[in-house]
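Right, one structure below, let's go through it.
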Amino acid sequence: MSLTTLSLTELRQKLTTKEISAADLVRDVASSIEARNPVLGAYLTWDLDAALKEAESADLTQPLGGLPIAIKDNINVEGQPCTCGSKILAENYTAPYTATAIQNLRQAGAIPFGRLNMDEFAMGSSTENSALGVTRNPAALDRIPGGSSGGSASSVAGSIALAALGSDTGGSIRQPAALCGCVGMKPTYGRVSRFGLIAFASSLDQIGPITRSVADAALLTNHLCGFDPRDSTSLKESVPDFTAVLGRDIKGLRIGLPKEYFIDGLHPDVEASVRKGIAKLEALGAHIEEISLPHTEAGVATYYVLAPAEASANLARFDGVRYGHRSSSASDLMEHYLKSRSEGFGPEVKRRILLGTYVLSSGYYDAYYLQAQKARTLIRDDFTKAFEKVDVIVSPTSPTPAHKLGELTGDPLQAYLEDVFTIPANLAGLPAISVPCGTIAHEGANLPVGLQFITKALDEATLFQAAHAFEVG
Amino acid sequence: MPKYIVTIGLEVHAQLKTQSKMFCPCPVEYGSEPNTHTCPTCLGLPGALPVLNEGAIEKTVLTGLMLGCTTPPLVKWDRKNYFYPDMPKNYQITQFDLPLCIGGGVPLYDLAYPKDVQKNIPNPGKVVKLTRIHLEEDVAKSTHHDKFTTIDFNRAGTPLMEIVSDPDIDSAEEAFAYLSSLRQILVYGGVSDADMEKGQMRCDVNISLRPEGQTELGSKIELKNLNSIAAVRRAIHFETARQTEALDRGEVLLQSTRRWDDDRGETTLMRSKEDAHDYRYFPDPDLLPLHTADILARVSPSLPELPHQKRARFTNDYGCSAYDADVLASEQSLAAYYEAAVAAQPTVAPKKLANWVLNDLLGALNDASLTITDCPLPATALAQLVAIVESGKISGSQGKEVFAAMLATPGTDPEAIIKEKGFEQVSDTGALEAMVDEILAANPDKVAEVKSGNEKAMNWFTGQLMKASKGKANPKILSDLLRSKLL
């Protein structure tokens with residue numbers, strides 16, 4: 001039996017009792033990748049030799065000692081590719097430095113192993129915007145794994161990774177986790193250093209784990225978080241042991257259901273699954289009440305002004321001057337820029353750069369960017385008010401189950417609306433987790449549904465406590 | 001033909017003297033091997049993030065304090081978007097609507113004007129109003145070769161302060177005085193070396209002309225590529241003449257940017273208003289807004305006394321002439337030297353010390369191509385010499401000789417030199433009196449001349465006595481003795 005179906009805790013036990021070695025584990029993961037990745041397309045690249053070398057010197061006394069963790073391809077690990085799923089970085093960029101989150105994982109003994117496919121520059125929720133290959137949903141191979149961390153969710157749900165890192169700007173960890181049937185967690189904005197994470201929208205991006213269990217997510221989160229002097233938005237807050245709350249009951253926990261999240265666009269089978277999940281929480285002793293987040297409706301529009309605005313500047317550096325794709329046919333500087341970027345970026349990235357450039361342009365700034373910043377404040381205030389009444393907010397993660405590959409690629413606006421439940425936590429900077437909540441029979445497949453938990457900022461402990469109680473209860 | 005009023009505003013970029021760059025720990029060092037002081041952040045590598053350099057913020061706040069600006073309680077950082085190969089991220093982190101310093105002004109010092117107009121300053125004591133000072137990162141340095149361009153990122157991300165004046169400058173000469181006064185103050189505060197020739201200070205000029213009687217300003221023409229304070233003056237003269245001629249011809253001037261060619265002494269069109277960039281400023285999400293109260297409290301005690309404040313103190317307290325005070329205050333190290341000399345010999349008139357410092361010391365340093373900071377003669381030693389001269393122990397001309405010897409052999413005690421040269425004056429009244437009595441007795445005819453009212457004969461006696469004493473007689477005591485015996 002492959003080791004890749006086991007939990008991180010079980011594997012750690014095997015490692016510390018010397019039943020297996022770190023190299024055994026890396027080789028086992030590698031052989032499962034070789035066997036299943038041609039179908040799933042979750043990994044873009046993996047460097048077995050480098051991982052084995054790290055495995056040799058892995059410190060097994062550390063909490064993550066000897067565990068290979070797969071990495072979304074937008075987090076820099078020195079000496080490895082970091083493509084962001086884009087042609088513009090695929091040709092000639094090798095990371096010359098290592099992200100803080102990776103350093104933290106290594107400090108805890110983990111081995112970053114394998115680079116995971118994603119929507120180009122994390123823009124998308126299906127991984128179909130990757131320029132470098134198709135990633136499939138292990139639950140239904142003709143369907144999307146979600147995105148943008150589709151490779152992360154597919155690899156973990158498909159048991160070709162033990163656990164993975166993703167990044168979440170508007171739901172990019174939680175939504176693919178929901179669609180593939182695994183756990184995806186986005187920490188409070190500022191908990192995990194963004195240094196070395198290739199930015200999509202700097203004020204929203206956050207690195208987090210995708211795992212097969214809440215316990216695994218809590219364990220990884222323990223070692224991802226922490227103040228980093230190299231990230232000015234990093235929080236100077238102590239990090240509690242998130243695994244300590246696992247197993248605590250949720251009797252009397254106040255759970256709010258935002259009425260604005262149970263809307264027409266919500267797939268009825270998804271809603272039924274979610275309602276069942278809520279009933280389970282109630283049976284576990286939680287107190288369920290309806291709440292209101294009145295500005296929810298503005299969330300998607302706000303996000304699709306602010307995120308592209310930031311992205312339009314963040315992606316300006318990909319100009320072919322110092323690294324990345326450089327057009328071979330340019331005859332002057334302007335043509336160099338136009339051709340290098342036009343050839344290097346895919347259509348969704350171009351669409352968002354144009355959108356972001358437009359909303360920042362003189363004459364439009366006040367109407368779009370400034371207005372969106374105000375809306376963001378209102379959305380944040382909604383949550384502040386709600387958390388005066390409840391401890392946790394629970395909602396569906398995604399309004400629909402996984403689409404078929406190619407089904408939505410012609411309709412970006414419809415695709416944007418799929419982020420409606422995940423975007424608000426990013427706009428408000430709150431921690432949120434998606435936990436499997438049953439499956440629905442849909443067009444001949446059993447498709448996973450995710451239940452999202454949100455807490456107030458820095459209250460990841462309550463988030464893990466509730467999610468774990470739900471998962472095991 | 002109508003007369004035109006010239007209105008000028010200056011945008012000055014000054015490199016801050018910090019150890020490390022604006023947003024990363026790379027050292028700020030000029031003249032190193034290209035691309036040796038770089039890191040993921042200042043190269044704009046994907047995923048790298050900026051972290052504020054507090055030293056740069058402190059130096060900018062200090063500049064604001066020196067120039068009487070206000071620092072708002074909250075400031076923030078913005079991205080200015082445009083593409084150019086010398087800009088690693090293709091946006092520059094700068095400050096748009098909440099800069100570190102607002103308002104204030106630059107006092108124009110008399111000596112800061114070009115030498116040829118110092119005697120005829122149109123607006124003495126003028127203070128040019130400032131709009132703002134903000135902090136931003138510098139770009140890399142491009143070098144254009146025949147068929148390609150190379151970029152040195154050592155400069156990329158070094159802290160740059162932009163000082164924007166109001167359109168409050170009336171002439172090329174005022175612009176010149178503004179830049180040299182500003183430079184003096186920046187150097188005083190230790191915030192920048194501000195040498196335009198070395199690119200440590202760069203300046204863009206906004207100039208417009210309007211007919212006398214019109215209140216609305218004319219079209220703003222921006223001048224770039226000005227590489228010295230003198231070039232700024234020349235460019236403004238050229239541009240004033242060019243615009244005057246154009247307006248006289250009935251031409252309508254349009255807002256534009258022009259490039260100064262210092263070799264040819266003329267400006268040429270770079271771009272018109274239509275080609276102006278839309279920089280799409282927006283708050284940088286990688287950097288949090290900054291509360292300034294703590295920084296202000298930290299920086300305020302290090303506010304130095306400024307040139308004009310020193311100047312006032314030197315004229316009021318030390319009795320220096322306005323000109324002497326100006327020169328002494330023009331450089332902090334010179335002023336410090338002078339004040340150390342004054343402190344070392346409190347009984348000597350500070351004005352006398354000023355004369356020695358300005359005439360003898362600066363002259364000698366200049367001849368030796370030295371500056372006051374590498375002056376071999378300590379202020380206390382010079383003061384000691386001046387005190388000896390003032391006491392009458394040696395003559396003024398002997399003092400100059402001792403001074404030269406002290407400079408030539410640093411560390412020698414002036415007393416030792418005096419002894420060695422045998423300059424010690426005979427001030428022993430008894431010995432001198434004997435000499436006087438002797439010469440009076442030997443020359444009764446001359447004594448009679450003096451007594452009959454011929455004061456010139458008195459000088460004859462003095463001359464004889466000095467000769468007899470081989471120049472060592474204290475002339476003051478000698479003269480007193482002669483007078484008491486003859487008159």
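To find a chain, count down the sequence lines: A is the first, B the second, and so on, and within it residues start at 1.
- The distance from the NZ atom of K89(B) to the CZ atom of R322(A) is 9.0 Å, given to the nearest 0.5 Å.
- Annotation for Q19(B): atom CD does not count as buried by contact number, only 12 or fewer foreign heavy atoms lying within 6.0 Å.
- Identified under the side-chain hydrogen bond (donor to acceptor under 3.5 Å, both in side chains) test for residues 357-370 of chain A, with sequence neighbours left out: Y369(A)-Q373(A).
- Considering all non-hydrogen atoms of both residues, S202(A) and P285(B) come closest at CB-CG, 3.7 Å.
- Across N90(B) and D319(A), no two heavy atoms sit closer than the pair ND2-OD2, 2.8 Å.
- Only the backbone of P50(B) comes within less than 4.5 Å of a heavy atom of chain A; no side-chain atom from C-beta onward does.
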_Between L43(B) and Y323(A), does the side chain to side chain contact (heavy atoms under 4.5 Å, CB included) criterion hold? Intermediate values first, please._
CA-CA 10 Å; L43(B) 282 176; Y323(A) 50 81; over 6 Å; no

*Apply side chain to side chain contact (heavy atoms under 4.5 Å, CB included) to the pair L360(A) and R79(B), showing each step before the final yes or no.*
CA-CA 11 Å; L360(A) 290 175; R79(B) 293 182 180 180; over 6 Å; no

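- Neither the backbone nor the side chain of T149(B) comes within contact range of chain A, judged by heavy atoms closer than 4.5 Å.
- For the set L197(A), L204(A), I198(A), the entry with the most heavy-atom pairs within less than 4.5 Å of chain B is I198(A).
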*Verify side chain to side chain contact (heavy atoms under 4.5 Å, CB included) between D286(B) and R194(A), making sure each step is shown before the conclusion.*
CA-CA 9 Å; D286(B) 287 332; R194(A) 293 184 296 111; 3.1 Å; yes

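- The parts of P85(B) that come within reach of chain A are both its backbone and its side chain, each placing non-hydrogen atoms under 4.5 angstrom from that chain.
- Minimum interatomic distance between V51(B) and S232(A) (heavy atoms only, all atoms of both residues): CA-OG, 3.6 Å.
- Counting heavy-atom pairs under 4.5 Å between each of D231(A), V359(A), L315(A) and chain B puts D231(A) at the top.
- Smallest separation of non-hydrogen atoms from F282(B) and A309(A): CZ-O, 3.9 Å.
- When all heavy atoms of L49(B) and R230(A) are compared, the pair lying nearest together is CB-O, 3.6 Å.
- For Y281(B), the part lying near chain A is the backbone, with the side chain staying farther off; criterion is any non-hydrogen pair under 4.5 Å.
- Interface residues of residues 77-89 of chain A toward chain B, defined by a heavy-atom distance below 4.5 Å: none.
- With a 4.5 angstrom heavy-atom cutoff, F195(A) touches chain B via backbone and side-chain atoms both.
- At a 4.5 Å heavy-atom cutoff, the contact between L333(A) and chain B is made by side-chain atoms alone.
- Ranked by heavy-atom pairs shorter than 4.5 Å toward chain B, the options N314(A), L370(A), D205(A) are led by N314(A).
- Looking at A99(A), neither its backbone nor its side chain comes within 4.5 Å of chain B, counting heavy atoms on both sides.
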_From CA spacing to verdict: side chain to side chain contact (heavy atoms under 4.5 Å, CB included), F83(B), M334(A)_ = CA-CA 9 Å; F83(B) 278 80; M334(A) 185 51 84; over 6 Å; no

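- Among all heavy-atom pairs drawn from N76(A) and G47(B), the shortest one is ND2-CA, 4.3 Å.
- There is no contact between N74(A) and chain B, counting heavy-atom distances below 4.5 Å.
- Contact annotation: the side chain of I151(B) approaches that of V321(A) to within less than 4.5 Å [non-hydrogen atoms, C-beta and beyond].
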